[in-house]
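First listed ligand is number 1; within each ligand, the first listed atom is number 1.
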Amino acid sequence: MNPPLVTIRDLHVELGGNHVLCGLSTVIPSKEIAAIVGLNGSGKTTLLRALLKEIPYTGEIRFHCGHDHTHTSPSHVGYVPQKLRLESNMPMTVRDLLGIAMQRRPLFLGFGAGVKMQMSAMLKLVGASSALLDRPVEKISGGELQRVLLALAMQPEPELLLLDEPAAGVDVTGQEQFYDLIHRLNREHGTTIVLVSHDINMVSKRAHRVMCMKDGKIHCQGTPRELTPEMLTQIFGAQHGMFAHDH
Ligand SMILES: Nc1ncnc2c1ncn2[C@@H]1O[C@H](COP(=O)(O)OP(=O)(O)O)[C@@H](O)[C@H]1O
Ligand SMILES: [Mg+2]
């Protein structure tokens with residue numbers, strides 16, 4: 001295991017009177033892919049939001065990268081949220097979306113040549129065609145939208161990338177390709193990735209470590225090989241059945 005990028009100790013989060021995270025402790029190793037799996041409601045999204053400092057918590061979240069973490073959403077942490085709320089009555093192309101994120105200037109002034117080249121490069125990084133730029137965001141497929149959101153999260157290039165169920169709503173082939181892409185970003189850029197999923201089969205092929213969450217805590221963790229069917233049954237119930245040590 002690589003040295004930790006983040007150490008989390010005795011993390012508690014209360015939201016709307018619910019004790020959502022209940023004394024969670026773990027480490028996120030640098031330059032690795034850590035998958036967080038668990039049933040709906042186990043606190044996966046809440047853990048990511050605590051890492052982004054979006055919500056109040058008690059306990060310790062310590063980053064070892066030397067950046068300033070006193071503010072919300074530090075710029076070297078990229079985040080792809082579970083759900084994107086798009087205003088469907090506001091026609092916006094992929095170019096507009098990337099442009100707003102890249103430069104703080106009114107859209108009617110247009111984008112300079114440098115910005116256009118950068119947008120194409122951003123899409124290329126995530127294996128998407130620059131033909132997407134002219135398409136309305138609400139008309140592109142789930143898989144294409146995931147790539148655009150990933151391109152946004154990679155700009156500026158993050159040290160830590162948080163992905164919340166990034167392949168939900170994408171077909172199986174699209175999911176495989178998306179996980180391949182994440183794997184490549186980790187390998188080639190050394191990006192530390194925390195990937196929330198409820199698909200243990202999919203993540204066990206790509207993640208270096210798997211953390212299983214239950215009731216606001218890490219119930220068990222280890223390399224995909226170290227997780228026994230018995231442990232997974234405790235997390236997912238007897239139905240998970242499909243998990244195989246096939247890698
Ligand atoms: N703002 C909130 N107020 C009250 N309860 C919340 C809030 N956000 C999340 N929760 C509760 O916290 C639990 C964990 O939510 P979440 O972190 O989204 O789980 P997961 O991502 O694993 O599905 C759920 O029971 C959810 O209802
Ligand atoms: Mg969630």
**Request:** Do me a favour and list the nearest non-hydrogen protein atom to atom 25 (O) of ligand 1 with residue, atom name and distance?
**Result:** G41 O, 4.0 Å
**Fill in**
A student checking ligand 1 against N40 at a 4.0 Å heavy-atom cut-off should list atoms 23 (O)
**Message:** Yes or no: does L39 have any heavy atom under 4.0 Å from an atom of ligand 1?
**Reply:** yes
**Prompt:** Which atoms form the tightest heavy-atom contact between C220 and L227, and what is the distance?
**Reply:** SG-CD2, 4.2 Å
**Message:** When you measure from atom 14 (C) of ligand 1 to the protein, is at least one non-hydrogen atom found at a distance under 4.0 Å?
**Reply:** yes
**Message:** For atom 21 (O) of ligand 1, tell me which residue out of L48, D164, T45, V196 has the closest non-hydrogen atom.
**Reply:** T45
**Prompt:** Is there a path from I200 to F178 through hydrophobic residues (I, L, V, M, F, W, Y) whose side chains come within less than 4.5 Å of each other?
**Reply:** yes
**Message:** Just to verify, which of E60, R62, H64 counts as forming a side chain to side chain donor-acceptor pair (under 3.5 Å) with T7?
**Reply:** H64
**Message:** Counting only nitrogen or oxygen atoms and a 3.5 angstrom limit, does Q82 reach ligand 1?
**Reply:** no
**Item:** Side-chain heavy-atom pair R49, L21 within 4.5 angstrom cut-off
**Value:** no
**Request:** For ligand 1, note which part of L15 has a heavy atom under 4.0 Å away: side chain, backbone, both or neither.
**Result:** both
**Message:** Would G43 count as being in polar contact with ligand 1, using the rule that some N or O on each side must be under 3.5 angstrom apart?
**Reply:** yes
**Item:** V203-V170 co-clustered via ILVMFWY side chain contacts under 4.5 Å
**Value:** no
**Asked** Within less than 4.0 angstrom of ligand 1, does S42 place any heavy atom?
**Response** yes
**Message:** Assigning hydrophobic clusters by single linkage (Ile, Leu, Val, Met, Phe, Trp, Tyr; side-chain heavy-atom cutoff under 4.5 Å), is I61 placed with L15?
**Reply:** yes
**Prompt:** Does the distance from a Lys or Arg side-chain N to an Asp or Glu carboxylate O, for E144 and K139, drop under 4.0 Å?
**Reply:** no
**Request:** Heavy-atom contacts with V20 under 4.0 Å: which atoms of ligand 1 show up? List them by number with element.
**Result:** 11 (C), 12 (O), 13 (C), 14 (C)
**Item:** Closest candidate by heavy atom, reference atom 17 (O) of ligand 1, pool T46, L47, L21
**Value:** T46
**Complete:** Between Q82 atom OE1 and T45 atom OG1, the angle centred on the Mg ion (ligand 2) rounds (to 10°) to 80°
**Cluster link V27 to I33, ILVMFWY, side chain under 4.5 Å** = no
**Request:** Answer yes or no: is there a side-chain heavy-atom contact under 4.5 Å between V37 and F236?
**Result:** yes
**Asked** Can a protein heavy atom be found under 4.0 Å away from atom 27 (O) of ligand 1?
**Response** no
**Message:** Could you identify the single nearest non-hydrogen protein atom to atom 5 (N) of ligand 1 and state the distance to 0.1 Å?
**Reply:** N18 ND2, 3.0 Å
